[in-house]
Protein chains: 2
Amino acid sequence: MSQPSKTKQAVSSGGAKRKRQPSQVQDHIIAERKRRELLSQLFISLSAIVPGLKKIDKTSVLGEAIKHMKELQEKVKVLESVIAKRTMESVVLVKKSKLMVDEGSSDNNVSSSTTVDDYCRSSNNDDGDSSSDSLPEVEVKILGNSLLLRVYCGQQKDILVKLFAEIDKHHLSITNFSVIPFENLAQDITIVAK
Amino acid sequence: MSQPSKTKQAVSSGGAKRKRQPSQVQDHIIAERKRRELLSQLFISLSAIVPGLKKIDKTSVLGEAIKHMKELQEKVKVLESVIAKRTMESVVLVKKSKLMVDEGSSDNNVSSSTTVDDYCRSSNNDDGDSSSDSLPEVEVKILGNSLLLRVYCGQQKDILVKLFAEIDKHHLSITNFSVIPFENLAQDITIVAK
DNA sequence: ATACACACGTGACGC
DNA sequence: TGCGTCACGTGTGTA
């Protein structure tokens with residue numbers, strides 16, 4: 001710690017520069033020291049959360065932090081898009097299931113790309129059952145070129161025509177069919193088509 | 001640019017300090033300058049990718065960068081777990097609806113079912129679960145004092161009598177009954193009793 | 001010893 | 001005016 005103590009009290013002439021008093025200089029030193037210490041600690045904290053850090057240079061830490069941050073942002077973007085796509089599929093599914101129930105009859109020209117696995121996913125809820133509000137339950141099985149469709153739903157009257165329309169839209173012919181009422185509240189529909 | 005030119009060639013005695021030659025001092029200055037410039041640029045780059053930055057202090061930039069990086073990592077973690085859960089559900093679902101697709105008859109009546117094949121394959125060679133041994137699938141729903149029993153199984157002839165015996169054992173009377181064959185290999189039995 | 005990295009004190013600029 | 005921030009040159013330690 002050198003204290004040059006250049007107490008230069010300039011006169012009022014040309015290139016004069018006011019010198020601070022020693023106490024202020026000391027304050028300045030202390031403040032700067034504190035600032036540096038804070039910065040160093042931040043660097044340490046940063047290097048702690050950046051994974052796979054070979055060098056602990058400030059430059060390396062900053063560079064790797066930037067790189068990793070960009071990767072993270074890109075990753076978040078991708079993951080969010082994946083989730084969005086997933087939920088989108090789910091929504092499409094629910095929509096497809098709902099169109100059997102609702103009389104809204106929205107435009108359903110999605111018959112090209114939606115495959116049977118979509119139907120399978122449509123009955124996805126939590127593993128525990130117990131939530132009877134998510135009717136109808138739809139289940140699809142495939143064996144050879146036959147398709148078994150089972151629908152458990154409430155007692156809407158128009159659900160059968162919608163189901164048949166949907167089946168017909170996929171150019172399937174029904175080979176077996178059964179509808180069983182359940183306590184005047186629900187019904188279990190089983191269809192085999194090929 | 002001051003050149004003190006303190007060429008102090010110390011002797012080998014006590015507190016001697018070797019002084020560099022002027023060119024080396026200059027190199028040192030230049031090198032340090034370059035290092036600082038690089039660091040500043042890194043700070044700028046960092047502040048560019050950290051969103052919502054009010055202050056552009058070095059400390060603030062570092063602090064916000066750390067904060068944001070932690071948030072990103074946590075977000076990635078959550079999103080990945082969500083996706084894992086989603087795909088898990090998907091696999092469980094497909095597994096639950098054990099549709100068995102034989103790769104031979106890919107007659108495409110049932111619209112393109114390639115994704116179904118994929119899912120089935122990926123879920124079938126899972127653990128050593130003998131695929132068709134988990135039949136029959138049994139599902140029971142209870143509504144009021146009625147009971148809906150659905151059995152999906154192979155074409156055993158004795159399963160019906162066993163089912164009826166079981167139902168009779170619980171003093172239930174069958175009010176509705178349906179058995180639907182499925183491709184000469186399986187059958188879907190639906191019973192309502194009360 | 002060459003090269004790099006760091007912390008320090010210090011002058012300067014802006015609010 | 002003072003307080004906070006920055007960049008600079010420099011000394012020192014380490015590989």
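As a basis for the values below, the full set of heavy atoms in this structure was taken, side chains included, without hydrogen atoms, waters or symmetry mates.
- Listed pair A:Lys34 / D:dG4 fails the phosphate criterion, with no side-chain N or O lying under 4.0 Å from OP1 or OP2.
- Between A:Arg36 and A:Ile56, the residue anchored nearer the 5' end of DNA chain C, judged by the nucleotide with its closest heavy atom, is A:Ile56.
- Candidate nucleotides C:dT10, C:dA5, C:dT2 were compared by shortest atom distance to the side chain of A:Glu32, and C:dT10 ranks first.
- Distance A:Gln26 CD to D:dC3 C1': 17 Å, rounded to the nearest Å.
- Residue B:Leu62 contributes atom CG, which lies 10 Å from atom P of D:dC6 at whole-angstrom precision.
- Taking only side-chain atoms of B:Ile29, from C-beta outward, the nucleotide of D:dG9, D:dG11, C:dT10 with the closest atom is D:dG9.
- C:dC6 atom C1' lies 17 Å from atom CG of A:Leu42, rounded to whole Å.
- Looking only at side-chain heavy atoms (C-beta outward), A:Leu79 and B:Lys75 stay at 4.5 Å or farther from each other.
- For the pair A:Ile30 CD1 and C:dT10 P, the computed distance is 12 Å after rounding to whole Å.
- What you find for A:Gln187 and A:Ile159 is that their closest heavy atoms are NE2-CG2, 3.7 Å.
- One finds no side-chain N or O of B:Ser40 lying less than 4.0 angstrom from the OP1 or OP2 phosphate oxygen of D:dC6.
- A:Asp27 has its CG atom 13 Å from the P atom of C:dG9, to the nearest Å.
- A salt bridge between A:Glu37 and A:Lys34 is absent, with no side-chain N of the basic residue lying under 4.0 Å from a carboxylate O of the acidic one.
- Atom CG of B:Asp158 has more than 12 heavy atoms from other residues, nucleotides or ligands within 6.0 Å.
- Side-chain proximity of A:His28 to the nucleotides D:dT5, C:dT2, D:dT10 is greatest for D:dT5.
- Not one side-chain nitrogen or oxygen of A:Arg33 sits closer than 4.0 Å to the OP1 or OP2 atom of C:dC8.
- Annotation for A:Ile56: atom CD1 does not count as buried by contact number, only 12 or fewer foreign heavy atoms lying within 6.0 Å.
- One can place CG of A:Asp57 at 12 Å from C1' of C:dA3, the figure rounded to the nearest angstrom.
- Applying the 3.5 Å distance criterion, the base of D:dA7 shares no donor-acceptor pair with the side chain of B:Glu37.
- Rounded to an integer number of Å, the gap from B:Ile44 CD1 to D:dA7 C1' is 13 Å.
- In this entry the distance linking CG of B:Leu38 with C1' of D:dA7 reads 15 Å, nearest Å.
- Regarding contacts with the backbone of D:dG4, every side-chain N or O of A:Arg35 stays at 4.0 angstrom or more from both OP1 and OP2.
- Between D:dG4 and B:Lys55, no contact under 4.0 Å exists linking OP1 or OP2 to a side-chain N or O.
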